[in-house]
Amino acid sequence: MAQRISGEMSGAGFKFALVVSRFNDFITSKLVDGAIDTLIRHGAADDDITILFVPGAFELPFMAKRAAASGAYDAVVCLGCVIRGQTPHFDYVAGQAARGIAQVGLDTGVPTTFGLITSDTLEQAIERAGSKAGNKGSDAASGAIELVSLLSKLSKT
Ligand code: INI
């Protein structure tokens, strides 16, 4: 019989780092709200959440890697917002952030999730920061909870 293992949606007892870009703070503050709300509603303790602020999305992988490698956190949730309309180097910032965040998880073995809005317009970003298209911060927090739970089960098999 095939063994199926999936994570539970409980964050109780786990420590989470949120690494947050200050660029587009108007949006990223909403991602932080969404992530914290999701972590708390799924049993994480407020004291087990640490928020680290970086200047922009480009710096998310750097600080995420330091947080993951510190051993102090079970998961790292990266939050940021890159809007194409604002920058000709959108592709570099967004691309490097996405690649780097994925690499952090692979290099450290610490679940590292992607709560980075990449949009063409401010309106689209607002939609993904707690209005009609959900909240990417909340999604990234859910992903982190599921992965830490799955990892803890895997280590017991
Ligand atoms: N950083 C963002 O997080 N979002 C953006 O939309 C953005 N734009 O438009 O340029 C942005 N740039 C800053 C970048 O992330 C770095 O902080 C900066 O280049 C210093 O390394």
Side-chain angles (χ1 to χ4, degrees), residues 7 11 13-42 44-151:
F14 295 112
K15 294 191 189 308
F16 298 89
L18 310 184
V19 183
V20 183
S21 161
R22 282 187 288 99
F23 202 104
N24 289 322
D25 167 72
F26 167 69
I27 298 292
T28 62
S29 59
K30 301 284 185 252
L31 301 182
V32 172
D33 292 347
I36 290 179
D37 181 61
T38 294
L39 292 173
I40 299 288
R41 280 194 295 109
H42 289 89
D46 198 43
D47 285 347
D48 286 339
I49 303 170
T50 302
I51 309 175
L52 303 165
F53 291 99
V54 296
F58 193 81
E59 287 76 33
L60 287 171
F62 172 81
M63 195 47 69
K65 185 156 189 181
R66 295 298 286 259
S70 73
Y73 307 105
D74 296 294
V76 178
V77 178
C78 297
L79 305 175
C81 173
V82 191
I83 302 174
R84 185 183 292 276
Q86 290 178 350
T87 173
H89 57 276
F90 172 94
D91 292 315
Y92 297 106
V93 174
Q96 283 303 112
R99 254 188 305 277
I101 290 167
Q103 200 60 48
V104 169
L106 298 174
D107 286 350
T108 63
V110 176
T112 304
T113 60
F114 184 72
L116 181 68
I117 293 174
T118 57
S119 66
D120 288 327
T121 64
L122 178 60
E123 190 182 1
Q124 287 171 353
I126 292 169
E127 285 172 7
R128 295 165 197 172
S131 56
K132 66 183 179 189
N135 184 310
K136 289 285 167 229
S138 172
D139 294 347
S142 293
I145 293 166
E146 190 170 338
L147 283 178
V148 291
S149 167
L150 180 57
L151 268 187

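Across every non-hydrogen atom of Gly143 and Thr113, the tightest pair is C-CG2, 3.9 Å. Looking at every heavy atom in both residues, Val104 comes nearest to Ala68 through CG1-CB, 4.1 Å. For the pair Ala57 and Pro61, the tightest heavy-atom approach, listed with the atom from each and the gap, is O-CD, 3.6 Å. Pairing each heavy atom of Ser119 with each of Arg128, the nearest pair is CB-NH1, 3.6 Å. The nearest pair of heavy atoms linking Leu151 to Gly109 is CD1-O, 4.0 Å. In this structure, Thr38 and Ser142 approach most closely via the heavy-atom pair CG2-OG, 3.5 Å.
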Are Leu60 and Ile101 close enough, and set up right, to give a side-chain contact (heavy atoms from CB on, under 4.5 Å), and what steps lead you there? CA-CA 7 Å; Leu60 287 171; Ile101 290 167; 4.2 Å; yes

Steps toward side-chain contact (heavy atoms from CB on, under 4.5 Å) verdict (Leu39, Leu18): CA-CA 11 Å; Leu39 292 173; Leu18 310 184; 4.1 Å; yes

side-chain contact (heavy atoms from CB on, under 4.5 Å), that's the test. Do Thr108 and Val76 meet it? Break it down for me. CA-CA 11 Å; Thr108 63; Val76 178; over 6 Å; no

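Between the side chain of Thr28 and the backbone N or O of Ser21, at least one donor-acceptor pair lies under 3.5 Å. Judged by distance alone, with hydrogens and angles left aside, the side-chain atoms of Glu59 form a donor-acceptor pair with the main-chain N or O of Gly56 at under 3.5 Å. A side-chain donor-acceptor contact under 3.5 Å links Asn135 to the backbone of Ser138. Checking side-chain atoms of Thr112 against main-chain N and O of Val110 turns up a donor-acceptor pair under 3.5 Å. Asp74 places no side-chain N or O within 3.5 Å of a backbone atom of Val148 that could act as its donor or acceptor partner. Side-chain N or O atoms of Ser149 include none that pairs as donor or acceptor with a backbone N or O of Ile145 at under 3.5 Å.
Between Ile27 and Ile117 the shortest side-chain heavy-atom distance falls below 4.5 Å. Between Tyr73 and Thr50 there is a side-chain heavy-atom pair separated by less than 4.5 Å. Taking 4.5 Å as the limit, some side-chain heavy atom of Val32 sits within range of a side-chain heavy atom of Leu79.
A cation-pi arrangement, defined by a distance under 6.0 Å to the six-membered ring centre and an angle within 45 degrees of its axis, is present between Arg84 and Phe90.
The one candidate from Asp120, Leu122, Ile126 that meets the side-chain contact (heavy atoms from CB on, under 4.5 Å) condition with Gln124 is Asp120.
Taken to the nearest 0.5 Å, the CZ atom of Phe14 stands 11.0 Å off from the CG atom of Leu147. One distance of note links CD1 of Ile40 with CZ of Phe16; it measures 10.0 Å at 0.5 Å rounding. The structure places CD1 of Ile36 at 7.0 Å from CG of Asp46, a figure rounded to the nearest 0.5 Å. Atom-to-atom distance recorded for Lys132:NZ and Glu123:CD is 6.5 Å, nearest 0.5 angstrom.
A salt bridge links Lys136 to Asp139: at least one charged side-chain nitrogen sits closer than 4.0 Å to a carboxylate oxygen.
Heavy-atom contacts from other residues, nucleotides or ligands closer than 6.0 Å to CZ of Phe114 number more than 12.
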